[in-house]
Protein chains: 2
Amino acid sequence: MKFSMKGEYGLRLAVNLARSYPTIKNTKDIAAEENISLKYLERLIGELRKKEIVKSFKGKDGGYILARNPKKISAGEVIEVMEGTFTSKCMDTHCVQVKKCPSSFVWIKLGEQIRKTLYGIKLSDLIK
Amino acid sequence: MKFSMKGEYGLRLAVNLARSYPTIKNTKDIAAEENISLKYLERLIGELRKKEIVKSFKGKDGGYILARNPKKISAGEVIEVMEGTFTSKCMDTHCVQVKKCPSSFVWIKLGEQIRKTLYGIKLSDLIK
DNA sequence: TTAATATCCTACTCAATTAGTATGATATAA
DNA sequence: TTATATCATACTAATTGAGTAGGATATTAA
């Protein structure tokens, strides 16, 4: 489980689109505003599209919009797409102890709290 | 910010020593019990020693014990030593916006929650 | 005092991941 | 039909994770 620039970028993209919702916005404009290279942004936003957080429109005057209302999309959802699912069990993928492992208690508790925190924050909360 | 096997191992070592507290225990025994290679364990426990979470005794019949009572050492403290401090600001180390950045709100909130969760769990809670 | 024991230190390896870049194919609407 | 914009794939360079290897150093029991 990690939180890196990938999640940061994903969140910025989503918040940017939340601001202009429900207007279509193209990657060139977003890249300029968010200071991300156009090419990298294209790749990242592609992941958000595959997970149906944004919708795309090809061709002239095309671009992206959020797939749902900013009130209905959480920061957690976006970050989880970019970073992978938040762990809720032992870090050791080969671990078979499951219940005996004392540290698994910690990771489960941690995962719950992270999920509660990040799913509680909606994109609409982040546009001031 | 990340949570990996390094933190898992650190926590296991600490919990293991919490169980035998306040008896000295050597790395060979811990390695066998926790299924970590002796050499790797030596390196990891060295980091815990430098941060004064464990104390070491050299020479024959030497080994390690917790530097404090298991009730006074939290999971967060141990994990933070292994993984680095939990982020409380924007992931972007070059970011100078500080307050304008909408995502920084998310990371600050997340950091607070993680800290609250992990510092609330003591080693004594993890030995059944 | 010396031999056994155990910690301590540094450097190395190997694979995976992060944070991009580069090139171009594909779809669409004006 | 052409300009525009998304979409797909492959590549790279630097960093990190996870672990190994070899030996130096300190201590204490015999």
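Letters A, B, ... are given to chains in the order of the sequence lines, protein chains preceding strands, and every chain is numbered from 1.
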Open item on the list: Expressed as a whole number of angstroms, how long is the span from A:Met1:CE to C:dA16:P?
Closed with: 22 Å

Open item on the list: In this structure, how many angstroms lie between the P atom of C:dA19 and the CG atom of A:Leu41, rounded?
Closed with: 15 Å

TODO: Please assess B:Lys109 against A:Leu118 for the test side-chain contact (heavy atoms from CB on, under 4.5 Å), listing each intermediate value before the final yes or no.
DONE: CA-CA 9 Å; B:Lys109 206 117 203 189; A:Leu118 295 183; over 6 Å; no

Task: A:Ile36 CD1 - C:dG20 C1' separation (whole Å) - done: 12 Å

Extract all donor-acceptor atom pairs below 3.5 Å that involve side chains of residues 61-85 of chain A and protein atoms in other chains or at least two apart in sequence.
| residue | atom | partner | partner atom | Å |
| --- | --- | --- | --- | --- |
| A:Arg68 | NH1 | A:Lys72 | O | 3.1 |
| A:Arg68 | NH1 | A:Glu77 | OE2 | 3.3 |
| A:Arg68 | NH2 | A:Glu77 | OE2 | 2.5 |
| A:Asn69 | OD1 | A:Lys71 | N | 2.8 |
| A:Ser74 | OG | A:Glu77 | N | 3.1 |
| A:Glu80 | OE1 | A:Tyr119 | OH | 2.2 |
| A:Glu80 | OE2 | A:Phe86 | N | 3.0 |
| A:Glu83 | OE1 | A:Ser4 | OG | 3.1 |
| A:Glu83 | OE2 | A:Ser4 | N | 2.6 |
| A:Glu83 | OE2 | A:Ser4 | OG | 3.3 |
| A:Glu83 | OE2 | A:Gly7 | N | 3.1 |

TODO: Check the distance between D:dC7's C1' and A:Leu48's CG and give it to me in whole angstrom.
DONE: 14 Å

Show me the donor-acceptor pairs within less than 3.5 Å that the side chains of residues 23-49 of chain A make with the rest of the protein, sequence neighbours left out.
| residue | atom | partner | partner atom | Å |
| --- | --- | --- | --- | --- |
| A:Thr23 | OG1 | A:Ser20 | O | 3.1 |
| A:Lys25 | NZ | A:Asn16 | OD1 | 2.7 |
| A:Lys25 | NZ | A:Glu33 | OE1 | 2.8 |
| A:Lys25 | NZ | A:Glu33 | OE2 | 3.2 |
| A:Asn26 | OD1 | A:Lys28 | N | 3.2 |
| A:Asn26 | OD1 | A:Asp29 | N | 2.9 |
| A:Glu33 | OE1 | A:Asn16 | ND2 | 2.8 |
| A:Glu34 | OE2 | A:Asn16 | ND2 | 2.7 |
| A:Ser37 | OG | A:Tyr40 | N | 3.1 |
| A:Lys39 | NZ | A:Glu42 | OE1 | 3.3 |

Task: Reported OG-to-NZ distance for the pair A:Ser56 and A:Lys50, which is rounded to 0.5 angstrom - done: 11.0 Å

Open item on the list: Quick check on contacts: within residues 50-65 of chain B, what sits under 4.0 Å from DNA chain D by heavy-atom distance?
Closed with: B:Lys58, B:Gly59, B:Lys60, B:Asp61

Task: Nearest-0.5 Å distance, CZ of residue A:Phe105 to CG of residue B:Leu11 - done: 11.0 Å

Open item on the list: Under 4.0 Å, heavy atom to any atom of DNA chain D: which of residues 24-33 of chain B qualify?
Closed with: none

Task: Side-chain N or O of B:Arg43 closer than 4.0 Å to phosphate OP1/OP2 of C:dC8 - done: no

Open item on the list: Any non-hydrogen side-chain atom of A:Lys6 less than 4.5 Å from a side-chain atom of A:Tyr9?
Closed with: no

TODO: Ignoring backbone atoms, establish whether A:Ser4 has a side-chain N or O less than 4.0 Å from OP1 or OP2 of C:dA19.
DONE: yes

Below 3.5 Å between N/O atoms, which protein atoms pair up with nucleotides 23-25 of chain C? Just atom names and distances, please.
| residue | atom | partner | partner atom | Å |
| --- | --- | --- | --- | --- |
| C:dT23 | O4 | A:Lys39 | NZ | 2.9 |
| C:dG24 | O6 | A:Lys39 | NZ | 2.8 |

Task: N or O in side chain of B:Tyr9 less than 4.0 angstrom from D:dG19 OP1/OP2 - done: yes

- [ ] Find out whether B:Glu8 and A:Trp107 are in side-chain contact, i.e. whether some heavy atom of one side chain is under 4.5 Å from a heavy atom of the other.
- [x] yes

Task: B:Asp125/B:Lys122 under side-chain contact (heavy atoms from CB on, under 4.5 Å): CA gap, chis, key distance, verdict - done: CA-CA 5 Å; B:Asp125 302 327; B:Lys122 308 298 180 188; 3.6 Å; yes

Open item on the list: I need the CE-P distance between A:Met82 and C:dT17, as an integer number of Å.
Closed with: 16 Å

TODO: Please state how far atom CG in B:Leu44 lies from atom P in C:dC9, giving the value in whole angstrom units.
DONE: 15 Å

- [ ] Measure the spacing between CZ of A:Arg115 and CD of A:Glu112 and express it to the nearest 0.5 Å.
- [x] 7.5 Å

TODO: Let me know the distance between OH of A:Tyr40 and P of D:dT12, rounded to the nearest Å.
DONE: 18 Å

Open item on the list: Ignoring hydrogens, what is the shortest heavy-atom contact between A:Val54 and A:Leu17? Give both atom names and the distance.
Closed with: CG1-CD1, 3.7 Å

Open item on the list: Could you tell me how far apart B:Leu38 (CG) and D:dG23 (C1') are, to the nearest whole angstrom?
Closed with: 14 Å

